[in-house]
Amino acid sequence: MDWRKCRSFQEAKARELILKEAPSFHPRFFLALDVSYARGYAFTAALLYDALTGKEVEKKDAVSRVNIPYVPTYLSFREIPPILRLLSSWDVSWDCLLCDGQGVMHPRRFGLASHLGWLLKKPSVGIAKSALCGSFSPPGPEKGDHSPVTDKEGSLLGYVWRNRACTKPVFVSPGNLISFEKSLDVVRMVSGRYRVPLPLHRADKMTKESRKGAQV
DNA sequence: GCGACAG
DNA sequence: ATCTTGTCGC
């Protein structure tokens, strides 16, 4: 991997992101994505969630070989190949992507959710379980409590969001084609009762389930 | 130079 | 992320 080229790529493409939704953006169907690893294989899961009924509509998983290592700030280069492989073999449509990782809350404003949203030209939101960059004050203890995450210059990067009372908060940021405010609304729509928003919680379970039943 | 560092 | 036992709380 040529990380210098990856870095230039991130810097260039981050300028093409649109942190604003279309006027007609009223998302109902969300596609949650997650990937887990074992013995050189990536176990990818995608789950289509209907926020109106609160139920999952469809789901699919896939297994791929992985060579690219995890290097902080370059996660998307490792996860996107297996994710695209799954999506290309599946006829599914959705309004917004939910990714297990950062959106623009990234040193070069181009985390996994942004990279995917940019590639697919679709709205996306990044939801990460820990911080990669930025500073913030801890949000209150109740579900829904949140505080802004900013960079050194004071620009907004996203929010630290308490998805469940008295539990470690998650980091929410827009990926592409959605605003900061709307990305928080999206998380409210799919929050559920776990630490991580429901669709992503389920996608994570799928990923581990497919790994358990793998003969590789 | 040192520490931090999504999954 | 993964490895890995018990343990605390609803």
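A, B, ... follow the sequence lines: proteins, then strands. Residue 1 opens every chain.
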Peer 1: Expressed in angstrom and rounded to an integer, what is the separation of Asn67(A) atom CG from dG7(B) atom C1'?
Peer 2: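 Asn67(A) atom CG is separated from dG7(B) atom C1' by 17 Å.
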Peer 1: Any idea how His115(A) and Trp118(A) line up, ring-wise: parallel (<30°), tilted (30 to 60°), or perpendicular (>60°)?
Peer 2: perpendicular
Peer 1: Could you please name the option among dA1(C), dC5(B), dG7(B) that lies closest to any side-chain atom of Pro72(A)?
Peer 2: dC5(B)
Peer 1: Is the closest side-chain donor-acceptor distance between Arg108(A) and Thr73(A) under 3.5 Å?
Peer 2: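 On atom types as modelled, these side chains qualify, holding a pair under 3.5 Å.
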Peer 1: For Leu132(A) and dA6(B), give me the distance from atom CG to atom C1', rounded to whole Å.
Peer 2: 5 Å
Peer 1: Quick one: Leu200(A) CG to dA1(C) C1', roughly how many Å, whole number?
Peer 2: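 Value for this atom pair: 15 Å.
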Peer 1: Within the 4.0 Å heavy-atom criterion, would you say Tyr37(A) contacts the bases, only the backbone, or no part of the nucleic acid?
Peer 2: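 It contacts sugar-phosphate atoms only.
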Peer 1: Nearest whole Å is fine: how far is dA1(C) P from Tyr70(A) OH?
Peer 2: 10 Å
Peer 1: To the nearest angstrom, how far is Ile83(A) atom CD1 from dG7(B) atom P?
Peer 2: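 Rounding to the nearest Å, CD1 of Ile83(A) and P of dG7(B) are 13 Å apart.
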Peer 1: Find the distance His106(A):NE2 to dA6(B):P and express it as a whole number of Å.
Peer 2: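 About 10 Å, once rounded to whole Å.
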Peer 1: With nearest nucleotide decided by heavy atoms, which residue, Arg164(A) or Asp204(A), maps closer to the 5′ end of DNA chain C?
Peer 2: Asp204(A)
Peer 1: Carefully, step by step, assess Phe136(A) and Phe171(A) under the rule ring pair (Phe, Tyr, Trp, His ring centres under 6.0 Å).
Peer 2: CA-CA 11 Å; Phe136(A) 57 91; Phe171(A) 297 78; 5.3 Å; yes
Peer 1: Quick one: which of dA1(C), dG7(B), dC5(B) gets closest to the side chain of Ser130(A)?
Peer 2: dG7(B)
Peer 1: Is the shortest side-chain N to carboxylate O distance from Arg202(A) to Asp34(A) below 4.0 Å?
Peer 2: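 Salt bridge between Arg202(A) and Asp34(A), a charged N being under 4.0 Å from a carboxylate O: no.
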Peer 1: Quickly work out the Ile80(A) CD1 to dG7(B) P distance and round it to whole Å.
Peer 2: 15 Å
Peer 1: Examine distances only and state if a side-chain atom of Ser124(A) and a backbone atom of Ala113(A) form a donor-acceptor pair shorter than 3.5 Å.
Peer 2: yes
Peer 1: Considering just the side-chain nitrogens and oxygens of Lys129(A), establish if one lies under 4.0 Å of OP1 or OP2 belonging to dA6(B).
Peer 2: no
Peer 1: Once you apply a heavy-atom cut-off of 4.0 Å, does Tyr74(A) come out as touching a base, just sugar-phosphate, or nothing?
Peer 2: base
Peer 1: Tell me: CG of Leu97(A) to P of dA6(B), nearest whole Å?
Peer 2: 22 Å
